[in-house]
Amino acid sequence: MVEHDGLMRVFWPTDVVKFDRPGVVVGWRNSNLDVFVVAVLDDVDARDVEFHIKHGTFFRSSPHTPSHAFELCGHSSMHVLGISNPTDPSAMNPSWLCAVPSSSRRSPRITCAKASSVQLIMYNRPRPKGMQYISLDPIALALDYEGSDTRHPKTVGPDSAEEKQEKQAHEQRQKLVEKLKQHTIVKRVPSARDKALAKIVNQVNWSWELEQTLQKNVGRLGPRPKRSLSVSQQVVESAATMRNYVLQQLLEIFTLYLFPTIRQIFVSLLTLHRLVAEAFLVLLEFRIKPGRPALKDVSATAQQIEIRLQQFCYWPMQYVKLRERKSNWASINTSHPDYIRFYNSLWLVANDVIIGLALGSYIIDHADFVASAVEGLLKTYTVDALQSSILWLTGWPAGLKLNDELAAFLGDLFLWVIDYWASKYLTRLRDKLLTMAIDCVETLGPFLPKIVWFIGFSSFAGASMPIAMVSDMLSALTVHIYSFYLASARIYHWQLVILQSLFHLFRGKKHNVLRNRIDSCDYDLDQLLVGTILFTLLFFLLPTVVVFYLNFAVARMIIISLKAVFDTMLSCLNHFPLFALMLRLKDPRRLPGGIRFELRDTLVATSATGTVTEPPTSVIYLKSVPLSFTAMFNQYFQMAHRIRKHYLSPSVLLCLLTGRFVPPIDRRNLYSLQYSMLPAKRATVGEMWKALKVEKKTPNATQYPVLPKLPTLPGRRMGRTRSGL
Amino acid sequence: MPSHTDDDESETPFPTLDLHVSSRLASGLLSPDDAFPPPHRAPYAGDSASELGRPRLRRLHSEQGGSRRRKRSWKKLMWVKQSYPDNYTDQATFLGDLQRNPRLKPYDFWPLVADSTVILQHVCSVIIFVVCFAFIFQDRVSPVSIVSWSSGATVAGWFVWEYWTIPPFNPGEINHLHERLGTLKSSALIYSTLLGLSPILKSLTRSTSSDSIWAMSFWLLVINIFFFDYSGGVGAKFPASLSTNAALMASTVLASRLPSTTQVFSLTLFSIEVFGLFPVFRRHVRHQSWQLNVALTILLVLGAGLGVGLVVRQREDGGWNWTSGIVGMVISVLLAGVGTGGCSWWLIGLQKYKNEIRGPWDPARPIIMNRQRWDDR
Amino acid sequence: MARRRTYTVAMVSDYFFPQPGGVESHIYQLSSKLIDRGHKVIIITHAYDDRKGVRYLTNGVKVYHVPFFVIYRNTTFPTVFSFFPVFRNICIRERIEIVHGHGSLSSLCHEAILHARTMGLRTVFTDHSLFGFADAASILTNKLLKFILSDVDHSICVSHTCKENTVLRASLDPLMVSVIPNAIVAESFRPRNYRSSSRAGANGFQTDPPPARPLAPHEMITIVVISRLFYNKGTDLLTAAIPRILEEHPNTRFLIAGSGPNAIDLEQMIETNVLQDRVQMLGSIRHEEVRDVMTRGHIYLHPSLTEAFGTVIVEAASCGLYVVCTQVGGIPEVLPSHMTTFAKPEEDDVVAATGKAITAMRAGQVRTEKFHDQVKKMYSWSNVALRTERVYDGITGTISEEDFYGCDTGGYNGSRIRDFTLIDRLKRYYGCGIWAGKLFCLCVAIDYLFFLFLEWWFPRENIDTCPDWPRKPSADERTSSVDADAKRP
Amino acid sequence: MLTTTPRLYTRRPSPTTAEFTVTTLPPPTIPLRILRVLLLALRVALVLLTALALHARWLSSPYAQPSLPSTCPTGDGWFSMEAVWYALDTLHKSSLGQLVGGLVENVPLVVLLPAAAALCYLLALRVHTTESLLVMRGLGVQTSSSPATYLASATSRFIPTEKIRDIFVNEAFRGFEVRYYLIVVVEGEENVVVVFPRLLPRRSIVETVWRGARACLYESRGGDTTEEKG
C-alpha cells in the first residue's frame with residue numbers, strides 16, 4: 001500500500017557519504033515512511049543484522065544498559081531500514097529504502113518502493129563525549145524554580161502594584177490569545193510524523209554513541225575468530241595478562257583501602273563546613289515577623305555572604321549530580337546546564353578571589369592613605385557640600401523669593417544637625433588619624449583605618465565583599481542625609497495637603513470624604529478668615545520649603561544611584577555568564593539555541609547512472625543554532641528593565657513632586673538575578689550527607705560494571721572466555 | 001458588540017399590506033395599522049425651500065398647495081408609514097414652532113438705575129478700603145483710629161441689624177440670646193486669631209517686590225467685585241465665599257507690607273468689617289427702606305470721592321488737602337451719575353440686537369419646586 | 001427597477017463599539033441590514049484602548065479602528081489633515097463609493113466627509129442629536145456643521161424636530177434632508193411572557209393576546225427608569241418627582257438603572273426621605289440587560305430634557321411598558337398616543353402624568369400586551385435600511401433627480417446633485433460666512449493640494465485592493481472576526 | 001537601480017518541501033554585478049580610510065611612541081611587521097594621509113570615536129533585504145530574514161508542525177496605510193509570528209505564499225477548506 005501522501009522522510013548522517021560496498025542501513029523507524037538512519041554496516045546480511053538487533057547482541061559489551069537509549073528514542077529496538085548499494089533491488093522488502101552514494105552531490109540517493117517523494121534531511125552528529133547536543137528550545141542557563149516568592153514571602157508597596165498591572169496586561173493578552181484560537185477554522189490532528197520531532201532530536205543526540213556501538217560490535221556478526229592460538233601467542237598473552245593482573249591488584253588495594261579513608265575525611269569536612277554555613281544562614285535569614293525584612297534584605301554585605309554560603313551549600317549537590325553523568329551514557333544531556341552552571345560559579349568565585357587579592361593587598365598596604373581619602377571624600381561630599389548648599393539656600397538663591405525667617409530657621413536647624421554629626425564622627429576623626437590616641441571610643445575616628453583595614457582584609461574573600469561593605473558603609477555614613485530627606489519631605493507633604501484643602505475653602509468648596517468628591521459648602525466668617533490667612537501664609541512660605549526639600553531629595557537620589565552602581569558591580573561579579581561565553585566561543589554546539597533547516601539546491605536527478613529512477617528529493621540540512629548572546633544576558637536585561645520600571649515610573653515622579661516617600665526597590669526584584677543560579681530551597685544537611693554517602697558508593701559500582709544478563713547465543717562462550725582470562 | 005443581531009429574522013419584503021388587521025382603538029387616534037404604507041407610491045411633486053425662508057415656503061404653498069391630491073395628509077409623526085418620501089417638507093408645519101426672542105422683556109430706565117446702586121455701593125466700599133490702606137501705609141492716619149471708628153460703626157450697625165431682624169414681640173428670646181452669644185464667641189475668636197497671626201503676617205512678603213504685591217491685590221479685589229453676589233436678598237446668609245476670600249486675601253497681602261504689628265492687625269480687622277459684615281448690613285438697608293439705601297449710596301460715593309481726593313494729592317507739609325477732597329467728591333458724584341445712567345441707557349439700547357432662536361430642540365429648563373439643588377449649578 | 005444597484009459604503013464615526021450608546025447600535029444595525037440587502041459596508045472609527053487595526057464583526061461588517069489620539073469622551077482630536085492618508089488608503093483599497101458619516105460631534109466623521117468630497121465620493125451625513133443656539137459650544141459646532149454640510153450630498157435626521165434643527169443650524173435646503181428614524185431589534189425586546197405570533201403572522205392572521213386583567217389596587221406597580229444620569233437626561237426632575245409620586249401612590253416602586261454624575265443626588269434623595277425599600281438603583285447595566293430590567297416593570301418613566309429620537313422609549317413600549325415621557329425634542333413623534341402619556345418638563349406635571357398612568361394601568365385601560373406587535377410593525381431596521389438605500393440611489397443618480405427631489409425645483413433653478421469640480425465646491429463653501437467662508441475655502445484648497453500630493457506620493461496602483469466579502473453570507477456559515485490587534489508588524 | 005520592489009522566488013524540489021524567498025535583489029545582470037563590486041570596494045576603502053584617520057589621531061596623541069625608523073624592508077621582509085609599519089608611515093606621509101591627519105588632528109575623541117563607529121556601521125549596512133519562508137511537511141515552517149548589516153548573521157525561527165495553530169493573511173495599519181501580512185499563530189505563545197516582517201510584500205505575493213504554504217504543509221484534504229480571512 002502507498003502512504004496517503006507517499007512522502008518518505010529520511011534522516012541521514014552527514015559523515016556517511018562514501019559507502020561503496022553493499023551494506024545494511026540501520027536506524028530507527030519512527031513511522032512507516034519516516035526513518036532515521038544511525039549507521040550503515042558494510043558487508044553484512046540484512047536478515048542477520050535484523051536478528052541480532054532483535055536479540056540485543058550489539059549492546060552486550062556496552063558499559064551501560066541500552067534501555068535509556070531505547071526509552072529516549074521512543075522505540076524498543078532499532079530496525080534495519082534498508083540496503084545500501086543493493087545487488088538486486090528487486091529482492092528487498094518494499095518498505096526498505098535503498099541508498100546509493102551519489103557521485104555528484106554530497107548526499108546519497110534514496111529510493112523506496114513506497115515513496116513517491118523524499119525528504120532527505122542531512123544531520124551531523126553531535127559528539128556526546130564533547131557534551132554537544134541539539135535541542136528544540138534554547139538551553140536554560142538560569143535555574144528556574146517556580147515562584148521566587150516562596151523564598152521572599154511578601155512584598156509591599158508599588159512593586160506589588162507594578163507586578164499586578166504586569167499580571168493584568170498578561171491576562172489581557174492571554175484573553176486575546178484565547179480569542180485568536182477561536183478563529184482557526186479547521187483544527188488538524190498532527191500526524192505521527194509531526195509528533196515525531198521530539199523523538200528525532202533525541203535520536204540525533206544518541207546517534208553517535210549508537211553508531212559507535214554498532215560499528216564496534218559489527219565484527220561479531222562476521223565469521224567467528226578461530227579458536228586455537230599458537231603457543232608463543234599464548235605465552236605473550238599470558239605475560240601481558242600477568243602484568244595487567246599485578247597492576248589491577250595494586251589499583252584495587254588503593255581504591256579499596258586508601259581512597260575511602262581520604263574520601264571519608266573529605267566528606268566529614270564538607271559536612272562540618274555545611275553545618276557552620278547552616279548556622280550562618282539561619283542567622284542571616286532570621287526575621288522578626290514574616291513580613292519584616294531579614295538581615296540579608298537590609299545589608300548588601302549580609303546578602304553577599306548569604307550568596308556565597310548558598311553557593312558553598314549547593315556545590316556538593318551539583319557535583320554529585322555531575323558525577324552521576326559519568327555513570328551513564330554520555331548522550332543523556334539533562335545535566336549539561338548544571339555542568340555549565342557549576343563551572344560558571346566556580347570560575348566566578350575564582351575571578352572574584354583573584355581580583356579581591358589584588359584589591360585587598362593594595363588597600364592593606366595603603367590603609368592610612370585610603371582612610372584619609374575616604375574621610376576626605378565623606379567630609380567634602382556629605383558635610384561640606386551639604387553645608388554650602390544650605391548656606392546658599394538661606395541667602396536668596398537664583399533670585400528665588402524665599403522667606404527669610406523660615407529659610408534662616410530651617411537652615412540653622414539642618415546646619416546644627418550637620419555640625420553635630422560632623423563633630424561627633426568626622427572632625428575628631430581627622431586628628432585621630434594624625435595621632436592615634438585611644439580615647440573617645442564613641443567616635444568613628446579611630447575605627448576608620450581599622451574599618452578600612454578590615455575591608456581590605458575581607459577582600460581576600462573576593463572583591464565582591466569589599467564592594468558590598470562599601471555600599472553598606474555608604475548607607476551608614478549618609479544616615480543624616482536620609483533623615484534630612486525624610487524630615488523635609490514630611491514637612492513639604494503636609495504643607496501641600498493643607499494648601500489643597502485650604503484652596504477648597506478658598507473656593508467655598510470642601511472635599512467630601514465619604515463620596516470622595518468636591519461639595520459646595522458655605523463657611524462661617526471666622527472659618528473663612530482663619531482659612532484665608534493661613535492659606536496666604538502657607539502659600540508664601542511654600543517656595544522656601546520646596547527648595548530645601550528639593551535639595552535633600554536630590555542628595556538622596558544621588559546616593560540611591562550610587563548604591564545602584566555598587567549593586568550592578570556586585571551582580572556582575574557574582575553572576576556574569578563567563579563560562580557560557582567561553583563555551584560560546586570555544587564550541588558553540590555545546591550551547592544549543594534551537595535548530596535550523598537549510599534547503600539545498602538539488603540538481604535534477606538524472607536516472608542515467610542510477611538503476612532506479614529517483615523520486616523527487618529535497619535535500620535539507622539540519623543544523624544547530626548556537627545560543628544567542630541576548631539570551632545569555634537575558635537576566636541582566638530583565639534586571640535593568642525592572643529597575644527602570646521602578647525608578648523611572650510616573651508614580652515615583654509623583655511621589656518626588658508631592659514629597660511622599662520614594663520607596664526603594666525591593667531587593668528581591670534587584671536580586672532575582674542573584675538567586676537565579678541557586679535553587680529556591682537549599683538541601684538540608686541530612687540530604688547532603690546522604691548524597692555524599694551515595695556518591696561514595698557509585699564509583700565502585702562504575703568500576704565493576706555488572707554485566708547484563710547474557711542471552712544464550714552462539715557468541716556467548718567467546719564473550720565469557722574473554723572476560724575470564 | 002451587542003449580543004442581539006437580527007440576522008436570523010426573516011424579513012417580509014417591505015412594504016407589504018396586511019389587510020386583516022383592523023384598528024381596535026376606540027378613540028379617533030391614529031391606529032398602529034397606519035404603520036403600514038399604501039401598496040403603491042403615488043408620484044408627487046416635491047418642492048423646495050430656500051435657506052430658512054419661511055415666507056418663500058408660504059408663497060410656494062399658496063401657489064401650488066391645491067395642486068396636490070392626497071388621500072391622507074402628511075403628519076409630523078414617525079411611527080406612521082406615510083405615502084410621502086423621507087425628504088418631503090411640509091410647509092404648513094415645517095419650522096412651525098420656531099420662535100424668536102420668546103421671553104424678551106424690555107427694561108425701564110429708572111429701575112435699572114436703582115438696581116445699579118448695589119454695585120455702586122460695593123465698588124465704593126472697596127475704594128474706601130483701599131484709601132484707608134493708603135492712609136495707613138503713608139502714616140497719615142493712625143490705624144487704631146480707623147479700626148476703632150469702624151468697629152464702633154460695626155457695633156452700631158449690629159444693634160440696628162438686631163433691631164430690624166427681631167420683631168418687637170419675640171417669643172423665642174432664648175435662641176436670639178444664643179445667636180448673640182455665638183456672635184460674641186466668633187468675634188472673640190477672630191480677634192485673638194488676628195492678634196496671634198499679625199506678627200507673622202508682618203514679615204511675610206518682605207522678599208517679594210512691592211509691584212507684584214500691588215498687582216496681586218488689585219486682581220484679588222477685581223475678583224471680589226466681579227464675583228460678589230449682588231442679587232442675594234436678606235435670606236442669603238452670607239456673601240459668596242470666593243469674593244469674600246479674595247478680598248480677605250487681598251487685605252492680608254496688603255497688610256503684610258505694613259511695618260508694624262498694630263497696623264497689620266487693624267488693617268485686617270478693618271477688612272473683615274468692610275468685606276465680611278458690611279455687605280450684610282447693606283442688604284438689610286436695601287431691604288428696609290429705599291430712602292436709607294439712597295442715603296447710604298450717596299454717603300459711600302462721597303466718602304470714596306473724598307478719600308481718593310485726599311490720597312491722590314496731599315499738601316507738602318503732609319496735612320490734609322481738603323480742596324482736592326472736595327473736588328474728588330464732586331468728580332465722584334458726577335462719575336457715579338454718569339456711570340449708572342449711561343450704563344443703564346446703553347444696556348437698554350443693546351436690546352434691539354437680541355435675536356434668540358428657540359424651538360423644541362432646545363433642552364428644556366426643568367421647573368422644580370425646591371430650586372436650591374440646582375441654583376448652585 | 002429591474003436589478004437593485006449595490007453600493008460599497010463606508011460608515012465613519014467616532015462612536016462605535018465597544019463603547020455603548022445609541023449612535024453605535026444605529027451604525028451597527030444599519031450596516032448589517034445594508035449588508036443583508038447585498039451592499040458592502042465597512043465602518044471606520046478610531047482605536048479604542050485594546051482595539052486597533054482591522055476587525056470583522058458578525059455578518060461580515062469590517063471595522064477599521066484607526067489608531068488616533070483620543071480626547072474627551074472618545075472624540076478624536078480634530079487634526080484636520082492627518083486622517084487623510086489613512087482614509088484615502090482605506091477608500092481606495094475597499095473601492096468605496098459612498099461615505100456615510102454619523103454624529104455631529106464626531107470630528108472623524110467631519111474630516112472623512114471633507115476628504116471624501118475631495119476624493120470625489122458621494123457623502124451622506126446622519127445627525128443624531130439636537131443642538132441649541134445659545135451657548136458658545138453649540139455656536140462653534142454649528143459653524144463646523146455648516147462647513148461640512150454645505151457640500152454634503154444628502155443629510156439624514158432621526159426625527160422631524162432633528163431635521164428642523166439641522167436645517168436651521170447648517171442652513172440647508174430642506175429637501176436635501178431626509179427623516180429616517182432609528183429602529184429597534186424587536187426580537188430582543190419582547191415582553192416577559194410573550195408567545196411569539198410568527199406562525200399567525202405567516203398566514204396573515206394576527207391572533208391577539210388575551211387582554212391583560214386590570215391590576216388590583218394593592219398590587220405593586222413598578223416604574224422603570226433607564227438612562228444615563230446626566231443633567232440633560234432630567235435627573236433633577238426625577239430626583240424631585242420620585243418622593244412625591246411614591247407618597248401619592250402607596251403600592252409603587254422605582255427601578256432605576258444607569259449611572260452618571262447625578263447618581264449622587266438620587267442617592268442623597270433616597271437617604272434623606274427614607275426610600276431604600278421602594279427605590280432600587282441598579283447602577284449601569286449592559287445593553288443586553290435592558291430588556292430584562294424593563295420587563296420587571298409596568299411603566300417606563302423618561303424625564304429627559306432633550307432628545308432627538310429616544311430609542312429607549314420605543315424599546316420600553318416594545319417590552320410592553322406604558323411610557324410616561326416629557327414632551328421635548330422628537331419624543332412626541334415617536335410613539336402613538338395610546339402608548340404614552342406626555343408631561344411638560346415640570347416637576348408637578350411629571351408627577352401628575354405618572355399618576356394618570358398609574359391609574360390607567362390599575363384600571364386596565366392600557367392594552368400593553370399588544371404593544372410589542374405594534375411596535376414591531378412600526379420600527380424595524382430593515383425598513384431603515386430600505387429608506388437609507390433610497391437616499392443612496394438618489395445621490396448616486398440611480399433615481400433621477402426629479403424622482404428624488406420632486407420635479408418642481410421651486411425657483412431654485414439648479415441641480416441638487418453636488419458636482420465635484422473644485423470651483424463649485426469653493427463657491428458652496430464661500431457662502432458659509434464672511435470670515436468663515438474664506439477660512440473654509442482655504443481649508444478646502446489645502447485639502448485638495450494635499451490630495452494631489454498623496455496621489456503622487458502613494459500612487460493608487462501601489463495600494464492593493466482587498467477582496468470583497470462574499471455578498472450576503474447566509475446566516476449559518478458565519479465566520480467570526482479576525483483580531484487584527486493580536487500582532488502588528 | 002540597486003533594489004527592486006520585493007520579488008518572490010520559489011524553490012520546490014519536491015511537492016512536500018518549498019522555500020518562498022522574497023527579496024529586493026534585482027535579477028543579476030552584468031552591470032548590476034559590476035556596480036555591486038564597485039560599491040563593495042568603495043565601502044572597504046572608506047572603512048580603511050576611517051582606520052587610517054584613527055591611527056593618525058593616535059599618532060598625534062602624546063601616548064604614541066615615536067614611530068620606528070621607516071626603512072623599506074627588502075625582499076624577504078615583505079610580509080613582516082616592519083613592512084606594515086612602513087606602509088602605514090608612507091601612507092601618513094602621503095598627501096592623503098596628511099589631509100586626513102590634518103582633518104582629525106584637533107577633533108576631540110568624544111566626537112571622533114562615535115563618529116567613526118557610526119560610519120563603520122553605516123558602511124556595514126546591507127543594500128538588499130531577503131526574507132524567506134521554508135515549509136517542510138511533517139517538520140514545520142521556518143522563517144528567516146537576512147540581517148541588516150554584513151556583521152550580523154541571518155536570524156531564523158523554526159516552528160514545528162504541531163505548534164502551528166494556523167497560518168493566515170491579516171491586515172493591519174502600518175504608518176499611513178493598511179498592509180496585508182502573513183502570520184503564523186503558534187500554539188501557546190502570546191505573539192503571532194509575522195512572515196516577511198521587514199519588507200511586507202504586496203497582497204498578490206502574500207496570497208501566493210499563503211496558498212503554497214498551506215498546500216505544502218497540510219495534506220490536500222484540509223488544504224483549502226478555510227477561505228482567506230482578510
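Here is the naming used below: chain letters follow the sequence lines, and residue numbers restart at 1 for every chain.
Interface remark: C/V334 contributes backbone and side-chain atoms alike to the contact with chain B (heavy atom separation under 4.5 Å). Only the backbone of C/V158 has a heavy atom closer than 4.5 Å to any heavy atom of chain B. Looking at C/F131, the atoms closer than 4.5 Å to chain B (heavy atoms on both sides) all sit in the backbone: N, CA, C or O. For C/I156, no part lies under 4.5 angstrom from a heavy atom of chain B. Residue contact with chain B, scored on non-hydrogen atoms closer than 4.5 Å, is absent for C/R169. Interface remark: C/P332 contributes backbone atoms only to the contact with chain B (heavy atom separation under 4.5 Å).
Of all non-hydrogen atoms in C/L237 and B/P366, the two that sit nearest each other are CG-CB, 3.7 Å. A pairwise comparison of heavy atoms in C/H160 and B/L77 identifies CE1-O, 3.5 Å as the closest pair. Of all the heavy atoms in C/V179 and B/M78, the pair that sits closest is CG1-SD, 4.2 Å. Heavy atoms only, all atoms of each residue included: C/K163 and B/T89 are closest at NZ-OG1, 3.2 Å.
Atoms OG1 and CG, on C/T161 and B/D362 in that order, are 11.5 Å from each other to the nearest 0.5 Å.
Note on C/L305, C/N232, C/L130: by heavy-atom pairs under 4.5 Å with chain B, the leading option is C/L305.
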